[in-house]
**Student:** 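The structure under discussion is supplied below as structure tokens; questions concerning it will follow.
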Amino acid sequence: MTLVKTKIGRRAFIKNTSLAGGGLILGFSIFNSCKPKQAEKVAIRKMPKEWFEINSYLKIGENGLVTIMAPNPEFGQGVITSMPMIVADELDVAWKDVLVEQANYDSKEYGPQFTGGSQGIRRGWESLRMAGATAKQMLKEAAAQAWQVPVSEITTAEGVLSHEASGISAGYGEMAAAAAKLEVPEEVPLKAVKDFTIIGKSKKSVENHKIVTGKPLFGIDYQYEDALIAMVEHPPAFGLKLKTYDSTEVRTMPGIVDVFTIKTLEDDFKRGYFDTNAFTDLIAIVGKSTWEVMNAKKKLMAEWEPIADSTFKMDRFGSEIDVEVPKGLESTEAHYERMNEMAAKSGTTVRKDGNPEKAFKNAVKVIERSYTCPFLAHNCMEPMNFFAHVTGEGAKLAGPLQAPSLTGVTVASRLGIPVEKVDIELTRMGGGFGRRAYGHYAVEAALISQQAKAPVKLVYSREDDMTAGIYRPSYHATYKAALDENNNLVAFHVKAGGIPETPLFANRFPAGAVDNYLAEQWEVKSNITIGAFRAPRSNFVAGVEQAFLDEVAEAAGKDPIDFRLELLERVKNNPVGKENDYEPDRLAGVLKLVREKSNWEEVPSGVHRGVSAYFCHNSYAAHVVDVVIEGDTPKVQKVVCAVDCGIVVNPDAATNMAEGAIVDGIGNAMFGELTFKEGRTEQKNFDRYKMIRHSEAPNKIEVHFVKNDIDPTGLGEPPFPPVFGALANALYKATGQRHYHQPFVSQKQLIG
Amino acid sequence: MASFTLNINGKTQEVDVDPNTPMLWVLRDHLKLVGTKYGCGIAQCGACTIHLGDSAVRSCQLPVSAVAEQKITTIEGLSENGDHPVQQAWLEVDVPQCGYCQAGQIMTASALLKQNPNPSDTEIQTAMDGNICRCGTYTRIKKAVLMAIDAQTNS
């Protein structure tokens with residue numbers, strides 16, 4: 001048992017009547033497999049007459065039903081289910097008695113509410129447990145007072161308080177009113193891992209029933225009386241800005257209400273890290289229906305002009321930096337030429353161990369390989385959109401956001417109102433993958449509503465979404481390894497860069513395993529905006545490093561898993577340097593587990609097998625990919641995955657997440673590519689941007705978790721980056737070809 | 001603008017819209033049936049799949065004027081309480097991640113099962129290949145389709 005200091009605010013406990021709270025609650029149900037209608041379900045559950053709010057995370061009805069708030073925005077990672085599971089476990093309530101509500105933007109109550117960096121469960125772990133444990137403690141104290149027995153003699157299970165000696169028991173609902181009046185305890189005990197009853201037991205998503213019956217859940221579904229539809233026109237190319245436009249014809253078109261320009265960020269606006277936006281001058285078209293506005297947008301006459309070189313200030317989490325934006329219309333061809341030039345020169349040294357120059361000079365074998373990847377678009381299935389209603393009273397917004405606490409500040413600043421006047425309802429997101437951490441579209445919606453003096457739902461077309469920027473950057477990395485006469489890895493050199501950022505992680509494996517190590521980086525400025533994309537930077541370096549190590553192992557005549565394990569053993573026993581930011585045992589652990597579960601040594605006939613392992617976002621993942629040749633096309637038949645993310649809160653949902661990461665990795669490795677010509681993306685929709693499809697997904701995916709009692713770490717990102725490497729290594733076995741450039745199947749080959 | 005009488009989910013609905021308006025936007029903007037999703041607008045992603053009669057069609061490419069008296073079914077009308085075998089299988093397998101594409105996936109799968117109660121693996125793949133799932137839930141979708149086939153066969 002652990003005692004923790006409570007950090008829950010001593011807020012006034014509010015009694016909510018069912019009339020006030022009930023309407024909201026009725027919309028939620030976790031009875032996914034029940035046949036009765038929604039109304040009947042509610043009747044079965046006997047909604048409480050009164051809710052007693054114990055803290056900002058939960059309220060208990062007099063009949064024992066519990067409403068738990070899901071603090072973080074949901075984009076498919078499952079936190080709307082797994083976060084309340086953590087609260088419910090410490091509360092000791094039966095999961096069937098739990099209703100879940102998505103919290104709105106409220107930094108004071110819920111902290112940053114940030115969905116990104118695979119940090120939700122890791123950062124929320126303690127506060128969520130504390131919320132449940134605090135409420136349980138207050139219920140116990142209420143029962144102790146009512147029954148005149150010591151609180152230490154009261155036990156709880158599945159929403160029932162019991163005093164064994166006297167044989168008295170009561171449901172939580174009976175004590176909720178009294179508990180809500182008590183002081184919040186200074187410290188509360190947390191459960192031991194072995195006592196968890198909900199954490200670690202698979203629960204289905206609380207929103208599945210709504211999803212499969214088509215209920216409004218997403219921002220784009222948001223309904224508001226008399227809301228108008230808005231679309232924006234941004235420049236057709238990076239490196240261009242608005243010069244002038246003519247809306248004469250558009251204004252006469254059916255359903256069109258207004259056409260005007262907005263400036264989303266003033267030129268001197270000090271941007272936050274997530275205020276990325278290439279196109280700050282936009283034409284807004286406002287009308288009565290989406291189709292009418294889409295048609296009008298096609299008829300809009302606009303002239304664009306080249307941008308000049310410029311610099312803007314950015315607050316990079318406390319330190320102010322200048323971001324340079326060069327003029328010009330960029331192209332993919334020129335990007336690769338420039339990256340090759342940079343790669344041929346020395347970079348900036350980030351880490352150096354031993355004497356790499358000498359070690360390479362004295363080596364028996366030197367292997368050197370260069371790798372590249374293109375820009376990628378996030379392509380969330382729900383295009384960017386946001387609802388806003390800005391009035392003299394403040395701003396009411398609703399929509400899909402990964403970082404509401406950051407976007408909320410920008411919206412307030414841009415509207416010139418206090419942040420307290422910005423109310424944001426967090427809708428379920430139709431995917432995010434990093435893209436929705438950049439909430440410029442919410443700012444746009446707010447400014448359009450302000451100018452149109454009306455409630456407005458801004459909707460991006462797919463083309464707007466794919467051409468608006470904030471992409472995964474294009475990267476380049478050169479790896480060099482030296483082997484001695486005994487095939488030991490004696491020197492390792494990585495030089496990595498990109499447009500416009502480097503993907504280098506200098507202190508990750510194999511740093512620490514090699515006596516002579518050099519890590520260098522370089523960057524090339526660009527006016528194409530980039531942003532976090534599922535496991536930023538790792539999504540490139542993991543794959544290429546793991547493909548390179550496969551070649552080194554082959555050159556050394558060693559099994560690729562044994563080769564990695566030998567290096568990890570070295571890190572464990574005698575690490576080089578002190579900055580290595582991974583635990584060698586846990587990285588070795590996922591390799592060993594995947595070796596066992598995949599029957600690594602026993603490769604079935606016709607199957608070609610590749611392996612990889614990587615650490616990022618505090619978790620460890622390894623994959624074994626099996627490729628077969630169907631006709632003359634390689635096809636991923638099966639993937640076996642091992643993950644160490646500590647305690648797994650919701651195992652089947654976690655498995656789903658890893659399966660998705662694997663499919664996403666295969667898709668992007670094989671097909672993902674956004675190319676540029678004269679500043680324009682050559683792909684604007686799914687006809688030319690190839691996404692992985694059903695028939696290209698593996699037939700089978702197995703996910704295995706390392707079992708331990710370590711506090712949980714992230715899962716949305718870690719299984720994604722290593723897929724690229726395991727796939728490249730399996731393809732090599734299948735075809736004899738190494739893949740140095742992503743995507744492995746080029747768009748030209750696909751589309752002709 | 002023109003007036004159209006439509007048969008949607010067993011109900012007669014009147015709309016007054018431009019005849020070229022795709023059914024997707026008639027459903028979403030005019031009838032507030034937002035379960036049918038906008039994904040690409042060019043019939044490449046399948047998020048907007050509905051049933052026209054018994055066939056799965058991309059509603060973003062179906063002008064309202066082409067519908068006439070044909071019956072339209074959307075995800076909201078696939079079953080009364082979410083108890084269609086395909087929906088039940090989706091719940092059982094816990095398919096969704098973000099969930100945005102899943103209405104389209106379910107409408108494609110349910111049309112396939114109606115027209116071909118016992119499809120081969122290849123037929124399933126061919127039918128489902130037009131529906132993109134960005135989260136990559138394809139292996140679960142396939143499992144759910146097979147489960148629904150089983151449930152339908154054994155009922």
Side-chain angles (χ1 to χ4, degrees), chain A residues 32-33 35-37 75-78 204-205 207-209 211-218 220-221 223 229 254 289-292 294 379-383 428-433 459 461-462 652-653 656-657 659-664 667 685-687 691-695 697-701, chain B residues 1 17-18 20-22 24-26 28-30 32-42 44-45 47 74-76 78-83 86-88 90-92 94-103 106 124-126 128-142:
Chain A
N32 294 327
S33 54
K35 303 264 168 135
K37 282 187 203 173
F75 67 3
Q77 81 280 41
K204 293 184 163 79
S205 165
E207 286 193 324
N208 273 354
H209 197 273
I211 290 169
V212 305
T213 54
K215 299 290 183 294
L217 277 175
F218 301 92
I220 205 166
D221 303 337
Q223 306 286 325
I229 298 291
S289 76
T290 316
W291 179 245
E292 287 168 323
M294 276 181 168
N379 293 338
C380 304
M381 287 310 291
E382 179 196 16
R428 189 179 182 89
M429 290 177 264
F433 310 99
V459 179
S461 68
R462 173 57 58 194
D652 190 50
N656 195 348
M657 184 98 284
E659 290 167 356
I662 289 162
V663 172
D664 192 6
N685 204 324
F686 298 132
D687 51 345
M691 308 288 284
I692 189 169
R693 305 259 173 183
H694 281 262
S695 56
N699 297 339
K700 192 171 182 194
I701 301 175
Chain B
M1 289 289 189
V17 293
D18 176 337
N20 291 323
T21 310
L24 169 65
W25 298 113
V26 172
R28 290 187 58 85
D29 280 359
H30 300 277
K32 310 296 176 201
L33 289 170
V34 295
T36 304
K37 295 294 191 262
Y38 167 64
C40 69
I42 57 166
Q44 290 291 312
C45 78
T74 70
I75 187 72
E76 291 92 342
L78 184 62
S79 66
E80 193 134 324
N81 311 313
D83 49 11
V86 172
Q87 289 168 313
Q88 287 293 303
W90 246 251
L91 295 174
E92 183 58 31
D94 202 13
V95 171
Q97 283 187 30
C98 87
Y100 192 78
C101 75
Q102 299 296 350
I106 289 169
I124 294 172
Q125 274 184 3
T126 306
M128 301 306 296
D129 253 3
N131 288 73
I132 295 172
C133 173
R134 173 67 182 86
C135 299
T137 63
Y138 295 131
T139 48
R140 283 185 186 236
I141 288 172
K142 189 171 170 193

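Hydrogens, waters and symmetry mates are skipped; everything else that's a heavy atom, side chains included, is used. Chain identifiers are assigned alphabetically (A, B, ...) following the order of the sequence lines, protein sequences preceding nucleic acid strands; residue numbering begins at 1 within each chain. Owing to the predicted nature of the structure, the values given are computational and were not obtained by experimental measurement.
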**Student:** For the pair B/Arg28 and A/Ile220, evaluate side-chain contact (heavy atoms from CB on, under 4.5 Å) and give the outcome as yes or no after the intermediate values.
**Tutor:** CA-CA 10 Å; B/Arg28 290 187 58 85; A/Ile220 205 166; 3.4 Å; yes
**Student:** Is it the backbone or the side chain of B/Asp29 that comes under 4.5 Å from a heavy atom of chain A, or both, or neither?
**Tutor:** side chain
**Student:** Identify the heavy atoms of A/Arg693 and B/Asn131 that sit nearest to each other, and give their distance.
**Tutor:** NH1-N, 4.1 Å
**Student:** For the interface with chain A, which of B/Thr21, B/Val26, B/Val86, B/Thr126 has the highest count of heavy-atom pairs at distances below 4.5 Å?
**Tutor:** B/Thr21
**Student:** What heavy-atom pair brings B/Asp129 and A/Ser695 nearest, and what distance separates the two atoms?
**Tutor:** OD2-OG, 2.6 Å
**Student:** Is B/Val95 close to chain A through its backbone or its side chain, or both, or neither, when contacts mean heavy atoms under 4.5 Å?
**Tutor:** backbone
**Student:** Pick from B/Ala47, B/Cys101, B/Gly35, B/Gly99: which one has the most heavy-atom pairs with chain A under 4.5 Å?
**Tutor:** B/Gly99
**Student:** Where on B/Ile132 is there a heavy atom nearer than 4.5 Å to chain A: the side chain, the backbone, both, or neither?
**Tutor:** both
**Student:** Do you know which of B/His30, B/Lys142, B/Gln87, B/Met1 has the most heavy-atom pairs with chain A at a distance under 4.5 angstrom?
**Tutor:** B/Gln87
**Student:** Quick check: closest heavy atoms across B/Arg134 and A/Phe433, and the distance to 0.1 Å?
**Tutor:** CG-CE1, 3.3 Å
**Student:** Mind checking the SG-NE2 spacing from B/Cys133 to A/His694? Nearest 0.5 Å is all I need.
**Tutor:** 7.5 Å
**Student:** Might you point out which heavy atoms bring B/Asn81 and A/His209 nearest each other, and give the distance in Å?
**Tutor:** O-NE2, 3.3 Å
**Student:** Out of B/Gly82, B/Pro96, B/Cys98, which one racks up the most heavy-atom pairs below 4.5 Å with chain A?
**Tutor:** B/Cys98
**Student:** Side chain from CB out, backbone as N, CA, C, O: work out which of these in A/Met657 comes under 4.5 Å of a heavy atom of chain B, or both, or neither.
**Tutor:** both
**Student:** What part of B/Ile141 gets closer than 4.5 Å to chain A, counting heavy atoms only: side chain, backbone, both or neither?
**Tutor:** side chain
**Student:** What's the separation between atom CG in B/Leu24 and atom CH2 in A/Trp291, rounded to the nearest 0.5 Å?
**Tutor:** 9.5 Å
**Student:** Determine whether A/Met381 and B/Cys45 satisfy the following criterion, side-chain contact (heavy atoms from CB on, under 4.5 Å), listing intermediate values before the conclusion.
**Tutor:** CA-CA 9 Å; A/Met381 287 310 291; B/Cys45 78; 3.8 Å; yes
**Student:** Quick one: what part of B/Glu76 sits under 4.5 Å from any heavy atom of chain A, side chain, backbone, both or neither?
**Tutor:** both
**Student:** So which atom in A/Ile692 and which in B/Tyr138 form the shortest heavy-atom distance, rounded to 0.1 Å?
**Tutor:** O-OH, 2.6 Å
**Student:** Walk me through it: do A/Asn208 and B/Trp90 pass the test side-chain contact (heavy atoms from CB on, under 4.5 Å)?
**Tutor:** CA-CA 8 Å; A/Asn208 273 354; B/Trp90 246 251; over 6 Å; no
**Student:** So for A/Val212, is it side chain, backbone, both, or neither that comes closer than 4.5 Å to the heavy atoms of chain B?
**Tutor:** both
**Student:** What's the separation between atom OG1 in B/Thr139 and atom CD in A/Glu659, rounded to the nearest 0.5 Å?
**Tutor:** 4.0 Å
**Student:** Might you point out which heavy atoms bring A/Phe686 and B/Cys40 nearest each other, and give the distance in Å?
**Tutor:** CD1-CB, 3.7 Å
**Student:** Return yes if some donor-acceptor pair links the side-chain N/O of A/Asp664 with the main-chain N/O of B/Gly136 below 3.5 Å, else return no.
**Tutor:** no
**Student:** Would you please say whether a donor-acceptor pair under 3.5 Å links the side chains of B/Gln97 and A/Asn656?
**Tutor:** yes
**Student:** In terms of relative ring orientation, are B/Tyr100 and A/Phe218 parallel, tilted or perpendicular, with 30° and 60° separating the classes?
**Tutor:** perpendicular
**Student:** Using a cut-off of under 4.5 Å for heavy-atom pairs, which of A/Asn379, A/Val459, A/Ile701 has the most such pairs with chain B?
**Tutor:** A/Asn379
**Student:** Hey, which of A/Ile229, A/Asp221, A/Asn699, A/Val663 has the most heavy atom pairs under 4.5 Å with chain B?
**Tutor:** A/Asp221
**Student:** Assess whether a salt bridge exists between B/Arg140 and A/Asp652, defined as any Lys/Arg side-chain N lying under 4.0 Å from an Asp/Glu carboxylate O.
**Tutor:** yes
**Student:** Assess whether side-chain contact (heavy atoms from CB on, under 4.5 Å) is satisfied between A/Glu292 and B/Asp18, documenting all intermediate values.
**Tutor:** CA-CA 9 Å; A/Glu292 287 168 323; B/Asp18 176 337; over 6 Å; no
